[in-house]
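Below: one structure, written as structure tokens.
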Amino acid sequence: MRHFFTAALLLSLLWWACPAAAQKPPLNHKVYDQWESIQERVISANGQWLAFTVNPQEGDGNLIITLAQGNGTKLYIPRGYAPVISPNSAWCSFKIRAPFAATREGRIKKKRPDDMPKDSLGWVNLATLKVQKIPRIKGFKMPEEGADQMAYLTEKPLPDTAKRRTPAPAAGTKTADSLRRTIDSLQSLLQKIPEKVGRKYWADAASDAAYPSDADGDAPATTTPVEEGTTLTLLQLASGTTRQFERILEY
């Protein structure tokens, strides 16, 4: 009788264990990609604030800004990273990555670097937890000493893609005025042809003088294009006033 109850108990335990085992997901790359890790830990000078990132193996992470005492004050910044807390412990600045899916799609489509999604800049007032953001930035810096200042360098502005479209005239409405304007434009174009040919001649001559060929008549070596600078902004965080400098490469 005792053996009967023992066998029944074992069977019941196996019956409960089998569904639980069947519900466990298999370990594969999809599971690994969801595993998270804590990175980029920063503490304020007064020891009151912590900032750190929690990132999955693949995908979008979060920047978390919280009080070190852990009283429940906690701010989540989606895709935030690279946090810097000001020397006076009053501000926290950070970058915001472009969404992982958008960046991945851009790489698959082999978009030009200028057409790829860009990072944004964010900063938060640690007294009010008010967050402000600016899109399309290359980077930012805060001083090692001092108070409410930050400098950031923006990307190139997006080109204006709006095209002016003039409505096509209805059939049969072309008048003598429109024909006269067409003739005038053609005459103007014909007058500019000799001027353009002359400009091209002098430009080719200047190019040959600047980059002469060698004794063997080989083509001149190509030069590396000069990188254009962009706008650098110096921001007073407390007042919001700014001062800008154009065509900046380094700062």
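Side-chain contact between Thr66 and Phe52 is present, with heavy atoms from C-beta onward closer than 4.5 Å. Contact of the Asp60 side chain with the Arg79 side chain is registered, since non-hydrogen atoms from C-beta on lie closer than 4.5 Å. Side-chain contact between Val84 and Val42 is absent, with no heavy-atom pair separated by less than 4.5 Å. Between Val131 and Leu75 the shortest side-chain heavy-atom distance falls below 4.5 Å.
Met142 is not connected to Leu153 by any chain of hydrophobic side-chain contacts under 4.5 Å among Ile, Leu, Val, Met, Phe, Trp and Tyr, and they are in different clusters. Linking Ile, Leu, Val, Met, Phe, Trp and Tyr residues whenever their side-chain heavy atoms come within less than 4.5 Å leaves Phe100 and Met116 in two separate clusters. Tracing side-chain contacts under 4.5 Å through hydrophobic residues (I, L, V, M, F, W, Y), one never reaches Trp123 starting from Ile77; they form parts of separate clusters. Under the 4.5 Å side-chain heavy-atom criterion for ILVMFWY residues, no single connected hydrophobic cluster contains both Leu121 and Val124. Leu232 and Ile137 end up in different hydrophobic clusters when Ile, Leu, Val, Met, Phe, Trp and Tyr side chains are linked at under 4.5 Å.
Looking at Thr73, its side chain never comes within 3.5 Å of a backbone N or O of Leu67 through a donor-acceptor pair. Checked by atom type and distance alone, the side chain of Tyr251 pairs as donor or acceptor with a backbone atom of Phe140 at under 3.5 Å. In this structure a side-chain-to-backbone donor-acceptor pair under 3.5 Å is missing from Thr230 to Lys156.
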(request) In sequence, state the C-alpha distance, the side-chain angles, and the governing distance for Lys74 and Ile64, and then conclude on side-chain contact (heavy atoms from CB on, under 4.5 Å). (result) CA-CA 7 Å; Lys74 189 175 292 186; Ile64 300 176; 3.5 Å; yes

(request) Run the numbers on Thr242 and Gln244 for side chain to side chain donor-acceptor pair (under 3.5 Å), then give the verdict. (result) CA-CA 7 Å; Thr242 59; Gln244 293 186 330; 5.3 Å; no

(request) May I have the step-by-step check of side-chain contact (heavy atoms from CB on, under 4.5 Å) for Leu126 and Gln48, ending in yes or no? (result) CA-CA 10 Å; Leu126 296 178; Gln48 294 183 2; over 6 Å; no

(request) Test side-chain contact (heavy atoms from CB on, under 4.5 Å) on Met150 and Lys141 and set out the steps. (result) CA-CA 6 Å; Met150 177 175 64; Lys141 290 183 180 180; over 6 Å; no

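Within 6.0 Å of CD in Glu246 there are more than 12 heavy atoms belonging to other residues, nucleotides or ligands.
Between Gln149 atom CD and Leu237 atom CG the span is 8.5 Å, to the nearest 0.5 Å. Interatomic distance, Trp49 CH2 to Gln69 CD, rounded to the nearest 0.5 Å: 10.5 Å.
Considering all non-hydrogen atoms of both residues, Ala45 and Ser89 come closest at N-OG, 3.4 Å. For Ala68 against Gly47, the heavy-atom pair with the smallest separation is CB-O, 3.5 Å.
The residue from Glu40, Arg97, Glu36, Gln39 that alone fulfils the side chain to side chain donor-acceptor pair (under 3.5 Å) condition with Asn55 is Gln39.
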